[in-house]
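Shown next, in structure tokens, is the structure this report addresses.
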Amino acid sequence: MLQFLFQPQNELANEIIRRRIENAGQIPLIACGENLQCSQSLSLFYQKRLFNIAWNSNTASQLIIEIQNAENEGLNPVDYHFEKLRQLSGLHQTELDKAEYDMLLTDAFLLYTSHLFSGKVNPETIDAQWHVTRREGDPVELLNSSLALGDINKAVQTALPKHKTYSDLKNVLKFYRSIDVENEALKLEGPIIKRTMEDDRIPEIRKRLFSLGDLKEEGAENQNLFDDNLFIAVKNFQRRHGLEDDGEIGPRTMSELNVSVEQRIKQIRANMERWRWLEQEFGNFYILINIADYNLSVIKDGLLVQKHKIIVGKPYRKTPVFSAKMQYLVFNPTWTVPPGIVRADVLPGVRKDTAYLKNKNLFVFDNSGKAVNSDNIDWNSDRAKSLIFRQPPGPGNALGVVKFMFPNRFHVYLHDTPSKELFDKNERAFSSGCIRVQDALMLAEYLLDDTENWSSEQINKTVATKISKTVQLNEQPNVHLLYWTAWVDSNHVVNFRKDIYERDKPLIDALLSEPPFELTSARH
């Protein structure tokens, strides 16, 4: 059938393509002096079309324009042969020129749409604790259909992430690139600046906040005065950056103001890449956790129904990024101490102080579940390393009065906490990896969604028994633990957060310097 689809035009150019493809296993694929990155899918594409020339002047021009616009996606046109394609556009006169230019166009399309489908950077190569199921597409199929229709623009739009936050970040990227670079060199330091004070640092603060959109009018009768308009702008800036919105310009606020526009652009690009990694559908009912923002959102049918503050893992006990399905919850849970915490905390603690177990209300068991008298244990022995430590239900239990289970290989779950004062902190990275939830019983009541059997009154009665009770969820939400340091919220406000796990820099470096590659797993 394919023999009738492709007429023998450009016979010599087609033969050149065939020979290049057939020799691809022996020598690298090169066209127009540039290495072709998508050798696997490029070979598949040309084999299916019997090695015939694929591109015409119209589709080639469309692709060149789309690649030029890769900057709008936070990607670099140079990665997709842009300069060479632009130089050679309309100049391929010999059959060899035609063949090589055609392959270069094909490689550019396949690589660019591959990156739009699944990201340029493989997250697991830069962060061992990133375990998302990456979005996949088929650039070969997309290329075939787009060439048949003569519409490359539509093909690129098809490959783009569909999440609204991604398109919002594109607009933010455009805005930050429009900011005057003269606003770059802020080096604020020194004493706190408070409302009604006059200070020589205020004019440059005004300029920065005006350029970012927090201050609506840059001018003021007294440029050095911390007036009411500036006070409102500072509070807005603080909220957008996850700071305490006290309106005072202290060390943390100065530090965020000092971040250059160029660095913010890199941060935005990094977070756009994270969206390209994600599946396009989170589900109709899901719990979305932004680790860097210390917040949990419950989303149902596209609407935010509940939001909770959370506490996440310490920087040296990072909460991983992954997705799972919440299946059940446990009231009055016991806490079996995870092996990592046993090694890092419990054993050193009990060796240092024999009262450690009593103070923590921990009981000791062997591998068969039999209780062990802690007084008879040599805590420096190998046996001590194999023991199980468990905390019974009760108000002092580390998990509080309820835990939410979405089985996963990381042994991470959501739970209540007796240390509720920690929710008053702006930065809340205090846990050992699991996630503590504020107003956990309110979340439990919503998830159970059973006013007859699990009203707030019935839940409180169950908690009061101090007896563990497991309850299956009739409707099981997906749980997505993610990590964003830049996003746009539902009020169209641009938010930035401190990179608590230092995940941005390696991603930014990879985006800027890592050679482009083909995601072959998404191809066949």
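Nearest heavy atom pair, residue Phe430 against residue Lys314, reads O-CE, 3.0 Å. Contact record, Leu75 with Lys120: CD2-CB, 4.3 Å, taken as the closest heavy-atom pair. Nearest heavy atoms, Pro77 versus Glu71: CD-CG, 3.5 Å. In this structure, Leu414 and Met326 approach most closely via the heavy-atom pair CD1-CE, 3.8 Å. Here the closest heavy-atom approach between residue Pro320 and residue Ile291 is recorded as O-CD1, 3.7 Å. Across Leu169 and Met272, no two heavy atoms sit closer than the pair CB-CG, 3.7 Å.
At a threshold of 4.5 Å between non-hydrogen side-chain atoms, the residues Ile289 and Val479 count as touching. Asn58 has its side chain within reach of Gln62: a pair of non-hydrogen atoms, C-beta onward, lies under 4.5 Å apart. Side-chain contact check for Lys307 versus Ser297: some heavy-atom pair is nearer than 4.5 Å. Two residues are said to be in side-chain contact when any heavy atoms from C-beta on lie closer than 4.5 Å; Lys84 and Gln87 meet this criterion.
Using a 4.0 Å cut-off between charged nitrogen and carboxylate oxygen, Arg20 and Glu100 count as a salt-bridge pair. Electrostatic pairing of Glu22 and Arg19 does not count as a salt bridge here, judged by no charged N lying under 4.0 Å from a carboxylate O. No salt bridge links Lys505 with Asp499; every basic N to acidic carboxylate O contact stays at or beyond 4.0 Å. Ion pairing between Lys207 and Glu204 fails under the 4.0 Å rule for side-chain N and carboxylate O. By the 4.0 Å N-to-carboxylate-O rule, Lys309 lies too far from Asp293 to be salt-bridged with it. Note on Arg264 versus Glu256: salt bridge recorded, some NZ/NE/NH1/NH2 to OD/OE distance being below 4.0 Å. The pair Arg317-Asp345 meets the salt-bridge criterion, since a charged nitrogen lies less than 4.0 angstrom from a carboxylate oxygen. By the 4.0 Å N-to-carboxylate-O rule, Lys170 lies close enough to Glu73 to be salt-bridged with it. Ion pairing of Glu475 with Lys300 is present here, as a side-chain N (NZ or NE/NH1/NH2) and a carboxylate O approach within less than 4.0 Å. Under the 4.0 Å criterion applied to side-chain N and carboxylate O atoms, Arg252 and Glu427 are assigned as salt-bridge partners.
Aromatic pair Phe51/Tyr46: ring centres not closer than 6.0 Å. Aromatic rings of His415 and Phe404 (six-membered ring for Trp) have centroids beyond the 6.0 Å cut-off, not under it. For Phe322 and His480, the distance between ring centers is not under 6.0 angstrom. Tyr413 and Phe406 have their aromatic ring centers separated by at least 6.0 angstrom.
Ring planes of Tyr112 and Tyr80: tilted class, angle from 30 to 60°.
Within the cation-pi definition used here (under 6.0 Å to the ring centroid, within 45° of the axis), Arg428 does not qualify as a partner of Phe423. Geometrically, Arg135 does not engage Phe117 in a cation-pi contact, judged by NZ or CZ lying under 6.0 Å from the ring centre and within 45° of the ring axis.
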Steps toward side chain to side chain contact (heavy atoms under 4.5 Å, CB included) verdict (Leu212, Ile179): CA-CA 8 Å; Leu212 298 178; Ile179 295 176; 3.9 Å; yes
Worked check of side chain to side chain contact (heavy atoms under 4.5 Å, CB included) between Tyr101 and Trp55: CA-CA 9 Å; Tyr101 188 65; Trp55 298 82; over 6 Å; no
Verdict with reasoning, Ile299 to Phe285, per side chain to side chain contact (heavy atoms under 4.5 Å, CB included): CA-CA 6 Å; Ile299 311 293; Phe285 182 30; over 6 Å; no
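Although no hydrogens or angles enter the test, the distance criterion places no donor-acceptor pair under 3.5 Å between the side chain of Asn478 and the main chain of Tyr286. Counting only distance, with no hydrogens or angles, the side chain of Asn76 and the backbone of Asp79 share no donor-acceptor pair below 3.5 Å. Remark: the backbone N or O of Gln263 is not paired with any side-chain donor or acceptor of Tyr176 at under 3.5 angstrom. The backbone N or O of Trp275 sits nowhere less than 3.5 Å from a side-chain atom of Trp484 that would complete a donor-acceptor pair.
None of Lys403, Gln476, Gln472 except one satisfies the side-chain contact (heavy atoms from CB on, under 4.5 Å) rule with Tyr328; the exception is Gln472. Across Val493, Asn495, Val488, a single residue satisfies side-chain contact (heavy atoms from CB on, under 4.5 Å) together with Asn491, and that is Val493.
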